[in-house]
Amino acid sequence: MNAWDDDQGAGVAAVPLSQRAMMAARPAPYLDDLNPAQRAAVEALDGPVLMLAGAGTGKTKALTARIVHLLRMSKARPNEVLAVTFTNKAAREMKLRVGRMLGEVAEGMPWMGTFHSLSVKILRRHAELVGLKSNFTILDTDDQVRLLKQLIVAANIDEKRWPARMLAGMIDGWKNRALVPERVPSSEAGGYANRGTELYAQYQERLRTLNACDFGDLLLHCVTIFQSHPDVLAQYQRWFRYILVDEYQDTNVCQYLWLRLLAQAHRNICCVGDDDQSIYGWRGAEVGNILRFEKDFPGAHVVRLEQNYRSTPHILAAASGVIAGNAGRLGKTLWTEVQEGHKVRLIGHWDGEDEARWIGEEIEALQRGTRGMDPVGLDGQAILVRASHQMRAFEDRFLTIGLPYRVIGGPRFYERQEIRDAMAYFRLAVSPEDDLAFERVVNVPKRGLGDKAQADIQRAARMAGVSLHEGARELVASGGIGGKGAGQLRAFVEGIDRWHALTLDAVRVAGDDDVLEPIGAVAPAMDHVRLAEMILEESGYTEMWQNDKTPEAPGRLENLKELVKALEQFDNLQGFLEHVALIMDNETEEAGEKVSIMTLHAAKGLEFPVVFLPGWEDGLFPSQRSMDESGLKGLEEERRLAYVGITRAEELCTISFASNRRVYGQWQSQMPSRFIDELPPAHVEVLTPPGLYGGGFGAAAPVAVSAMEERVSKADVYNSPGWRRMQDRAQTRGMAQPREARGMVIDATALSSHSEGDRVFHRKFGYGIVIGIEGDKLEIDFSKAGIKKVVAGFVVDADDADEVPF
DNA sequence: TGTGCGCCCGTTTTT
DNA sequence: CGGGCGCACA
């Protein structure tokens with residue numbers, strides 16, 4: 001059967017178009033709750049449409065309604081609509097909402113997904129056109145760098161002066177711009193020791209031998225195929241009657257070509273985006289794509305969504321005021337029907353710790369329901385920072401006061417060392433010839449196979465022209481490896497054989513037609529979940545972490561358990577590996593009310609009743625580096641970041657800055673961010689920090705400086721009475737006084753199950769000894785983290801390290 | 001082959 | 001200041 005003739009992977013097209021037309025005659029409730037602009041965007045089905053959707057204007061609603069409308073009007077079958085997003089989360093969300101609007105037929109849109117997942121789907125069908133087999137593997141950044149490192153060493157380049165990461169970045173950059181090695185402009189060839197292009201070409205060659213792709217290749221190979229095989233392109237052009245693109249402002253050149261090639265035949269393309277929220281320029285995104293849309297698609301219908309359903313007018317006005325500083329915008333004016341609301345609050349602090357302390361207290365106050373607002377739960381509050389290192393001050397503080405928080409977008413589950421190691425074992429079991437996986441774990445846990453042994457294996461494999469696994473086998477057989485490593489290597493090689501055999505039993509793979517689809521009818525000889533556990537046991541990997549006494553070890557074992565558990569949702573190991581390569585998100589939301597801490601980038605698309613924006617200081621935000629490297633363009637992107645930050649807030653937005661901050665261990669005095677000057681004063685309430693009017697710490701509600709209202713010019717904030725007093729206070733506080741009262745020892749045993757001298761474990765700080773008790777707080781000398789005060793509930797006896805809460 | 005010292009450098013990161 | 005990495009040593 002021709003792969004093209006099937007139903008594109010979905011069992012949906014069952015309802016004939018004629019019958020669908022009848023459905024279209026029924027009233028369309030999904031249109032009724034759209035505002036005029038949204039409705040216009042939904043009803044303009046044919047031809048190019050650009051939907052400029054400001055923050056909080058119901059973009060996803062319009063987008064999903066449009067898809068539903070397309071289907072209801074029988075313009076296309078569900079499998080003929082190409083709907084592209086950037087993240088899996090967005091794709092999932094859209095599927096969910098379309099399904100809900102449509103009623104039932106949710107799974108019927110096989111071509112709704114991310115650029116990457118859709119590209120994989122296309123590329124698997126035509127892999128041979130770019131010299132790959134259809135079962136190619138997908139390398140992540142880590143694999144990519146390791147591979148490049150090998151090439152760099154082989155090329156005799158000083159890896160110190162020319163780090164592999166740098167080359168990886170350049171290659172990514174070229175791929176983002178759809179440049180294959182031959183097309184890299186000679187002006188850029190000098191960048192990497194004069195040999196960037198050469199290494200790029202070698203890297204591509206190496207990937208081909210490994211039958212592998214990196215993320216950039218997924219898209220670039222598709223574009224290459226479309227460009228050089230018009231027949232293939234034509235098929236897809238015919239198939240995708242309608243194309244929808246979310247977050248269009250974030251597309252790079254390669255994605256742009258990908259879309260344009262697919263859309264140029266029928267031109268039924270609808271791009272949704274907001275040039276003011278383009279914050280991924282440093283990653284190759286081209287705001288130009290959205291600015292140019294009308295030129296690319298003449299006669300495009302442009303619709304602006306400007307009615308905001310999220311934020312109060314003060315918040316919108318503040319955001320608009322800031323973004324107005326950018327030139328070359330398409331221009332939108334957000335408005336809302338809401339009349340009331342709090343002004344954006346602005347507050348300065350002495351240093352970063354004060355800032356964290358104050359925010360912590362504010363969060364608790366808002367939670368209790370003061371500040372003239374109804375109580376706001378912790379889930380409704382977020383702290384958005386420019387750079388992830390800023391999170392630390394908040395984590396430290398919240399840990400100390402026992403305020404539950406969650407960090408969004410930290411090291412992601414599938415990027416953690418233990419997960420990647422385990423995955424490498426699974427990869428080896430599925431395909432023993434996976435050399436990158438072999439290299440990764442051949443000496444993890446330690447098997448006495450160091451650089452020398454590994455070099456021997458490499459040589460043996462290369463000479464015989466086989467995989468490392470086979471090379472190792474021959475090396476063992478020929479006695480080419482000595483010492484204790486020999487026995488261990490033999491065991492490793494045989495282990496892989498055994499696991500591989502079990503994998504084959506566990507999954508029967510269909511014939512040549514479709515190597516990806518397992519046939520469910522054959523009863524597996526061994527449950528793949530059990531197999532995975534067995535692999536981790538037999539390889540000694542689990543044991544390695546059990547014997548590890550570092551504070552992270554229990555967490556890692558926990559993650560491994562979680563990984564194995566995740567396997568249950570798949571039919572076999574292959575399916576799982578396939579999934580993980582692209583779905584790198586970490587959706588293990590632990591329950592419980594928690595404040596969210598995340599970067600501004602991670603916050604795009606989210607909203608919270610209460611938002612804190614700390615660290616608004618020149619150099620930090622806007623980031624010095626952005627400005628140095630990208631000049632005005634960089635500054636404008638930072639400004640968009642500010643805009644994104646402010647517009648995340650529904651009810652209350654608080655911006656803050658500190659006059660002193662530790663930067664790389666050095667104390668530095670900071671200037672308030674220039675973006676603060678750009679806030680329209682009429683919509684800002686300047687707070688004075690607590691402690692200025694005789695109240696102690698966290699005393700009364702912050703007091704507005706009355707004279708600051710309305711007429712005070714923005715820059716004057718720093719000449720304001722409050723600001724000057726704060727400066728004065730800064731002087732007197734220069735000599736660090738103890739921040740917390742000492743010596744108030746209450747009956748410790750009544751409040752805590754720990755006593756002095758106990759050995760305890762803390763999820764973040766690791767092991768330590770209790771050296772003091774104050775109320776419900778323990779003073780602990782952590783072996784790694786030093787002396788800290790921590791709420792007793794967050795530690796357990798060192799022996800029960802498995803049961804750490806939090 | 002494993003450990004430890006010292007040096008360097010330090011944003012954002014949808015896949 | 002502190003984490004990561006490479007190199008020198010045991």
Side-chain angles (χ1 to χ4, degrees), chain A residues 84-92 113-120 138-141 144 149 153 158-161 163-165 168-169 172 175-176 213-219 246-247 249-252 254-255 277-285 384-392 408-412 414-415 417 443 446-454 482-485 488 579-586 598-606 615 619-630 634 637-638 640-641 644-645 661-668 784-786:
Chain A
V84 198
T85 63
F86 275 84
T87 66
N88 292 299
K89 198 173 152 201
R92 222 168 3 205
T114 63
F115 275 105
H116 295 268
S117 67
L118 295 169
S119 293
V120 170
I138 301 163
L139 303 191
D140 61 28
T141 324
Q144 190 189 4
K149 215 171 248 177
V153 171
D158 179 9
E159 213 233 305
K160 227 166 185 168
R161 266 194 71 195
R165 294 219 156 269
D172 279 347
K175 289 183 178 176
N176 285 159
C213 274
D214 63 22
F215 287 130
D217 283 336
L218 297 176
L219 286 135
D246 195 14
E247 306 280 16
Q249 77 282 352
D250 289 337
T251 51
N252 60 37
C254 189
Q255 289 156 341
Q277 292 188 67
S278 161
I279 55 174
Y280 284 103
W282 51 277
R283 246 175 147 250
L384 313 182
V385 298
R386 174 62 181 87
S388 49
H389 63 77
Q390 290 172 261
M391 294 179 182
R392 193 173 167 165
I408 301 204
R412 281 175 303 164
Y414 289 109
E415 282 168 5
Q417 185 193 344
N443 202 29
K446 297 266 182 292
R447 296 193 174 87
L449 300 164
D451 289 347
K452 171 138 184 334
Q454 290 189 45
K484 56 179 183 213
Q488 297 247 45
H579 171 84
V580 167
L582 285 175
I583 316 288
M584 301 286 278
D585 55 3
N586 190 4
M598 70 190 92
T599 62
L600 288 162
H601 284 91
K604 195 169 79 157
L606 305 180
L620 184 58
F621 187 45
S623 133
Q624 192 57 50
R625 199 154 149 181
S626 279
M627 295 186 292
D628 290 348
E629 282 175 11
S630 314
E637 183 153 313
E638 297 285 308
R640 292 193 289 267
L641 220 32
V644 167
R661 200 175 282 278
R662 260 158 101 126
V663 182
Y664 303 141
Q666 301 283 81
W667 279 102
Q668 255 185 16
K784 299 254 164 174

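As a basis for the values below, the full set of heavy atoms in this structure was taken, side chains included, without hydrogen atoms, waters or symmetry mates. Throughout, protein chains are lettered first and strands after them, A, B, ... in sequence-line order, and every chain is numbered starting at 1.
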Asks: Heavy atoms under 4.0 Å, any strand shown: does A:Glu638 hit a base, just sugar-phosphate, or nothing?
Replies: base
Asks: Contact between A:His601 and A:Arg386 at the side-chain level, heavy atoms closer than 4.5 Å - yes or no?
Replies: yes
Asks: I want to verify a distance call: between B:dT13, B:dT1, B:dT15, whose nearest atom is closest to the A:Tyr280 side chain?
Replies: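 That would be B:dT13.
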Asks: Taking atom P in both B:dT12 and C:dG3, what distance in whole Å separates the two?
Replies: 16 Å
Asks: If you check every side-chain atom of A:Thr114, which of B:dT15, B:dG10, B:dT12 has the closest atom?
Replies: B:dT15
Asks: Is A:Leu600 close to A:Ile279 at the side-chain level, that is, under 4.5 Å between some pair of heavy atoms?
Replies: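 In short, these two side chains do not touch, never coming nearer than 4.5 Å.
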Asks: To the nearest angstrom, how far is A:Lys175 atom NZ from B:dT15 atom P?
Replies: 18 Å
Asks: Show your working on side-chain contact (heavy atoms from CB on, under 4.5 Å) between A:Trp282 and A:Glu629 and close with a plain yes or no.
Replies: CA-CA 10 Å; A:Trp282 51 277; A:Glu629 282 175 11; over 6 Å; no
Asks: What integer distance in Å separates A:Gln144:CD from B:dT15:P?
Replies: 16 Å
Asks: Let me spell it out: for each of A:Glu629 and A:Phe86, pick the nucleotide of DNA chain B with the closest heavy atom. Which residue's pick is nearer the 5' end?
Replies: A:Glu629
Asks: Nearest whole angstrom, please: distance from the P of B:dT13 to the NE2 of A:His389.
Replies: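 Rounded to whole Å, this separation is 11 Å.
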Asks: Quick one: which of B:dG10, B:dT15, B:dT1 gets closest to the side chain of A:Asn88?
Replies: B:dT15
Asks: Please give me the minimum heavy-atom distance between A:Gln249 and A:Ala285, naming the atom from each residue.
Replies: O-CB, 4.1 Å
Asks: For A:Arg640 and A:Ser278, indicate whether the former's side chain and the latter's backbone hold a donor-acceptor pair under 3.5 Å.
Replies: yes
Asks: Measuring from the side chain of A:His601 (C-beta onward, heavy atoms only), which nucleotide among B:dT15, B:dT1, B:dT13 has the closest atom?
Replies: B:dT13
Asks: Can you sort out the partners of A:Ser117 under side-chain hydrogen bond (donor to acceptor under 3.5 Å, both in side chains), two or more places apart, ordered by chain and number?
Replies: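 side-chain hydrogen bond (donor to acceptor under 3.5 Å, both in side chains) check on A:Ser117 returns A:Thr114.
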Asks: Base, sugar-phosphate, or nothing for A:Thr85, non-hydrogen atoms under 4.0 angstrom?
Replies: nothing
Asks: How long is the line joining CG of A:Asp250 and P of B:dT14, in whole Å?
Replies: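 In whole Å, B:dT14 P and A:Asp250 CG are 12 Å from each other.
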Asks: Within the stacking criterion (centroid distance below 5.5 Å, interplanar angle below 30°), does A:Trp282 stack on B:dT12?
Replies: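 According to the criterion (under 5.5 Å, under 30°), yes, A:Trp282 stacks.
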Asks: Expressed in angstrom and rounded to an integer, what is the separation of A:Gln624 atom CD from B:dC9 atom P?
Replies: 18 Å
Asks: Mind checking if A:Ala453 touches a base, just sugar-phosphate, or nothing, with heavy atoms under 4.0 Å?
Replies: sugar-phosphate
Asks: Whole-Å distance between B:dT14 P and A:Met598 CE?
Replies: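 Distance, rounded to whole Å: 13 Å.
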Asks: Taking atom SG of A:Cys254 and atom CG of A:Asp217, what is their separation to the nearest 0.5 Å?
Replies: 9.5 Å
Asks: Look at the side-chain N and O atoms of A:Thr599 and state whether any lies under 4.0 Å from the OP1 or OP2 oxygen of B:dT13.
Replies: yes
Asks: Tell me whether the OP1 or OP2 atom of B:dT15 has a side-chain N or O from A:Thr141 closer than 4.0 Å.
Replies: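 No, because none of the side-chain N or O atoms of A:Thr141 sits under 4.0 Å from OP1 or OP2 of B:dT15.
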Asks: Write down the distance between CG (A:Leu118) and P (B:dT15), rounded to a whole number of angstrom.
Replies: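 One finds 13 Å between P of B:dT15 and CG of A:Leu118, rounded.
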Asks: Below 4.0 Å from chain A heavy atoms, what is the first contacting nucleotide of DNA chain C and what is the last?
Replies: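 Using the under 4.0 Å cut-off, the span is C:dC1 to C:dG6.
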Asks: Give one of base, sugar-phosphate or nothing for A:Arg386, where a contact means two heavy atoms less than 4.0 Å apart.
Replies: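 The answer is base, as A:Arg386 lies within the cut-off (heavy atoms under 4.0 Å) of a base atom.
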Asks: Rounded to whole Å, how long is the line connecting atom CG of A:Leu620 with atom C1' of B:dG10?
Replies: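 Roughly 13 Å, once rounded to whole Å.
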Asks: What residues form a ring-ring contact (aromatic ring centres under 6.0 Å, His included) with A:Phe621, not counting sequence neighbours?
Replies: A:Trp616, A:Phe675
Asks: So, does the side chain of A:Arg283 form a donor-acceptor pair with the base of B:dT15 at under 3.5 Å?
Replies: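 Yes.
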Asks: Using a cut-off of 4.0 Å on non-hydrogen atoms, how would the nucleic acid contact of A:Lys604 be classed: base, sugar-phosphate, or nothing?
Replies: nothing
